[in-house]
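What follows is one structure encoded as structure tokens, with my remarks underneath.
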Number of protein chains: 2
Amino acid sequence: MSDRSQRRRDLTRQEIKQTARNQLVTGGPNAISLRAIARDMGITAPALYRYYPALDSLILELCTDLYTDLRVACEVVRDQVAPEDHEGRLLVMVREFRRWVLSHPAESTVIFGPPLPGVDQFHQQCQDLSHAGVQFGQIFIDPMLALYHQGRLPVGKAIVDAHDHAHGDVPPEVYTYFLLKWTQFYGIIMAEAFGHLSWAVADAEPLFEAEVTAFTESLIR
Amino acid sequence: MSDRSQRRRDLTRQEIKQTARNQLVTGGPNAISLRAIARDMGITAPALYRYYPALDSLILELCTDLYTDLRVACEVVRDQVAPEDHEGRLLVMVREFRRWVLSHPAESTVIFGPPLPGVDQFHQQCQDLSHAGVQFGQIFIDPMLALYHQGRLPVGKAIVDAHDHAHGDVPPEVYTYFLLKWTQFYGIIMAEAFGHLSWAVADAEPLFEAEVTAFTESLIR
DNA sequence: TCAGATTAGTGAACACCGTTAACGCAAGGA
DNA sequence: TCCTTGCGTTAACGGTGTTCACTAATCTGA
């Protein structure tokens with residue numbers, strides 16, 4: 001295959017994913033359909049099989065894009081804070097995390113919700129740092145690690161070990177602390193995004209800010 | 001309609017829901033299909049429309065059943081602990097919560113995951129105590145309230161108010177504390193159940209127990 | 001007991017869906 | 001120039017939710 005046609009091929013794959021994402025945004029995860037994608041692109045459905053072997057693999061690749069988008073969004077706000085202000089960098093990233101999720105409910109459903117068919121494989125391929133999901137976690141681990149080296153992280157006992165996994169060079173007590181905080185923020189953000197707080201409060205932002213405050217106040221100064 | 005045929009009708013509705021749940025368990029949320037339900041029941045698909053106006057409303061009613069099942073499971077283990085041991089009652093319920101979710105992944109996806117079509121309405125009908133989701137929350141609020149009256153709950157500022165919602169008689173600072181703890185446990189349990197910790201740890205139970213320990217140690221004794 | 005109304009269930013049909021197969025066409029390289 | 005490769009087509013299979021017209025059974029009330 002020539003270089004020219006290869007580039008054209010990649011461009012079409014990009015367009016397919018973009019069309020799929022538009023349908024994801026407008027109609028939710030169930031609205032992603034090969035036939036609708038083909039319709040929007042002005043071609044027929046079987047033509048898409050020249051680019052993806054099945055719908056699942058399309059969604060799988062879409063997952064990577066979404067994770068990357070979210071990570072880049074967090075990195076953008078992070079880089080507006082002084083590099084030595086690790087606490088401040090963490091805060092703006094966590095807030096951007098919530099903001100992105102709430103403003104991208106459909107995309108969040110795909111990457112943070114229960115494993116859809118095809119997405120379940122996604123989470124099982126996270127054994128190296130190149131994985132988009134792991135990279136997203138990494139941008140939160142980095143400042144935590146810096147705070148740890150400054151003696152500001154109130155780490156507890158090392159309960160889980162990261163040596164066998166992607167983040168091999170992170171001290172186990174830091175990794176444990178990270179995962180605990182991670183699941184807490186995951187919980188309050190996803191509970192709100194998935195509508196599981198609507199019966200309790202009209203606006204979940206004060207709750208989220210309380211969680212953020214609890215984190216900052218737990219830091220050793 | 002006579003009493004006899006009404007009972008027969010309810011029985012059929014029950015059978016429909018049970019068949020749907022079997023398919024949910026074996027094939028995941030996407031495997032619930034009217035035609036498959038009808039096939040399993042030995043009837044044709046349009047016959048189901050005599051009992052439910054659409055598939056969505058079937059799933060909606062299934063949600064209530066699942067929430068009730070989970071609540072009953074928690075109440076069972078709760079009632080094996082002395083009534084005055086509110087801390088112990090909370091602990092066994094939280095552990096049972098996780099156990100139930102991990103052993104019922106498909107059902108948990110439906111009631112704790114992102115709103116499926118038809119389920120989104122479910123969470124918007126939670127304005128009274130009779131709602132199954134609210135009742136599930138209530139069994140956790142009760143012992144927390146008891147601990148509060150004993151002066152053992154390390155409540156912070158009252159950030160959210162429950163007066164306008166279902167749990168009207170709960171002090172706002174208790175309600176705030178409950179929601180914060182609730183989202184934390186929701187986070188660590190659902191992150192594990194949805195596979196979002198598989199890249200980090202092989203077994204998430206130590207993390208969960210660390211969260212539980214952090215809760216008990218935060219209680220005033 | 002018997003006519004009428006209500007109910008459960010059926011089969012056909014419509015409009016979708018993912019996916020496969022066989023085929024045509026146009027461009028690229030030898 | 002030939003011919004291989006890749007892109008796109010149409011047709012088809014089996015699946016889905018849902019609606020409609022119709023039948024058969026059952027229940028109701030006089």
Side-chain angles (χ1 to χ4, degrees), chain A residues 1-17 19-24 26-63 106 110 115-121, chain B residues 1-24 26-62 106 110 115-121:
Chain A
M1 168 156 348
S2 78
D3 209 49
R4 179 79 191 91
S5 54
Q6 179 64 44
R7 221 172 320 169
R8 169 160 179 77
R9 187 179 164 80
D10 290 347
L11 233 145
T12 307
R13 286 172 66 97
Q14 203 83 9
E15 185 187 353
I16 293 173
K17 279 191 291 182
T19 312
R21 185 164 175 181
N22 287 344
Q23 297 176 355
L24 168 66
T26 48
N30 277 4
I32 303 181
S33 107
L34 281 180
R35 298 187 112 108
I37 293 171
R39 223 178 295 127
D40 284 12
M41 290 178 64
I43 58 177
T44 58
L48 297 173
Y49 283 81
R50 300 283 169 188
Y51 301 91
Y52 291 96
L55 176 61
D56 288 0
S57 53
L58 198 172
I59 298 180
L60 191 87
E61 212 175 285
L62 192 57
C63 272
V110 174
L116 301 175
V119 185
D120 50 351
Q121 306 165 1
Chain B
M1 167 148 354
S2 79
D3 210 51
R4 179 76 191 91
S5 53
Q6 179 63 45
R7 220 173 320 169
R8 168 160 179 77
R9 188 178 164 81
D10 289 349
L11 232 145
T12 307
R13 287 173 66 96
Q14 203 82 9
E15 185 187 353
I16 293 173
K17 279 190 293 183
Q18 186 55 49
T19 311
R21 184 164 175 180
N22 287 343
Q23 296 176 356
L24 169 66
T26 49
N30 277 4
I32 303 181
S33 108
L34 280 180
R35 296 187 116 107
I37 293 171
R39 225 178 293 126
D40 284 12
M41 290 178 63
I43 58 177
T44 58
L48 297 174
Y49 283 81
R50 300 282 166 188
Y51 301 91
Y52 291 95
L55 177 60
D56 289 0
S57 53
L58 198 172
I59 298 180
L60 191 87
E61 212 175 285
L62 193 56
V110 174
L116 302 175
V119 185
D120 51 350
Q121 306 165 1

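Throughout, protein chains are lettered first and strands after them, A, B, ... in sequence-line order, and every chain is numbered starting at 1. Note that the structure is predicted; figures quoted are calculated from it, not measured.
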Protein-to-nucleotide contact annotation, 5' to 3' order, nucleotides 23-30 of chain C [B base; S sugar-phosphate only; - none; under 4.0 Å, heavy atom]: -----SS-

Rounded distance [0.5 Å steps], CG in A/L24 versus CG in A/N30: 10.0 Å

Can you tell me how far P of C/dT19 sits from OH of A/Y52, to the nearest Å? 14 Å

Would you please confirm or rule out a distance under 4.0 Å between OP1 or OP2 of C/dC16 and any side-chain N or O of A/S33? no

Could you identify which residues of residues 36-43 of chain B place a heavy atom less than 4.0 Å from some atom of DNA chain C, listed by residue number, or say none? B/I43

If only side-chain N and O atoms of B/T44 are considered, is one of them under 4.0 Å from the OP1 or OP2 phosphate oxygen of C/dG9? no

Non-neighbouring partners of B/A31 that pass side-chain contact (heavy atoms from CB on, under 4.5 Å), sequence neighbours left out: none

A/L58 CG to C/dT19 P, in whole Å, measures 10 Å

Donor-acceptor pairs under 3.5 angstrom involving side-chain atoms of residues 32-41 of chain B: please list them, not counting sequence neighbours.
residue	atom	partner	partner atom	Å
B/S33	OG	B/R35	N	3.4
B/S33	OG	B/A36	N	2.9
B/D40	OD2	B/Q23	NE2	3.4

Can you tell if the side chain of B/E15 reaches within under 4.5 Å of the side chain of B/T19, non-hydrogen atoms only? yes

Contacts of B/Q14 that satisfy side chain to side chain donor-acceptor pair (under 3.5 Å) - sequence neighbours left out: none

Please report the distance, rounded to the nearest Å, between CG in B/N30 and P in D/dG17. 11 Å

Side chain to side chain, A/I16 and A/T12, heavy atoms closer than 4.5 Å: yes

Residue list, side-chain contact (heavy atoms from CB on, under 4.5 Å) with A/N22, at least two apart or on another chain: A/Q18

Grab the CG-C1' distance between A/L55 and C/dC16 for me, whole Å please. 14 Å

Mind checking what makes side chain to side chain donor-acceptor pair (under 3.5 Å) contact with A/S5, not counting sequence neighbours? A/S2

Dump every N/O contact between nucleotides 2-4 of chain C and the protein below 3.5 Å, one line per pair.
none

Applying salt bridge (charged side-chain N to carboxylate O under 4.0 Å, His left out) to B/R7 and not counting sequence neighbours gives B/D3

Salt bridge (charged side-chain N to carboxylate O under 4.0 Å, His left out) involving A/R50 - partner list, sequence neighbours excluded: none

Look at A/R35 and C/dG18 and indicate whether a side-chain polar atom (N or O) is within less than 4.0 Å of OP1 or OP2. no

Out of D/dT18, D/dT10, C/dG18, which has the shortest distance to the side chain of A/P46? D/dT10

Working to the nearest 0.5 angstrom, can you tell me the gap between A/Y49 OH and A/S57 OG? 9.0 Å

In whole angstrom, give the distance that lies between atom CG of B/L48 and atom C1' of D/dT19. 14 Å

Which whole-number value in Å describes the distance from B/I16 CD1 to C/dA8 C1'? 11 Å

Against the side chain of B/Y49, the closest entry in C/dG9, C/dG18, D/dT19 is D/dT19

Can you tell if the side chain of A/K17 reaches within under 4.5 Å of the side chain of A/Y51, non-hydrogen atoms only? no

When the distance from CZ of A/R13 to C1' of D/dC7 is rounded to whole Å, what number comes out? 15 Å

A/Y51 OH to D/dT9 C1': how many Å, rounded? 13 Å

Side-chain N or O of A/R9 versus OP1/OP2 of D/dG6: is the shortest distance under 4.0 Å? no

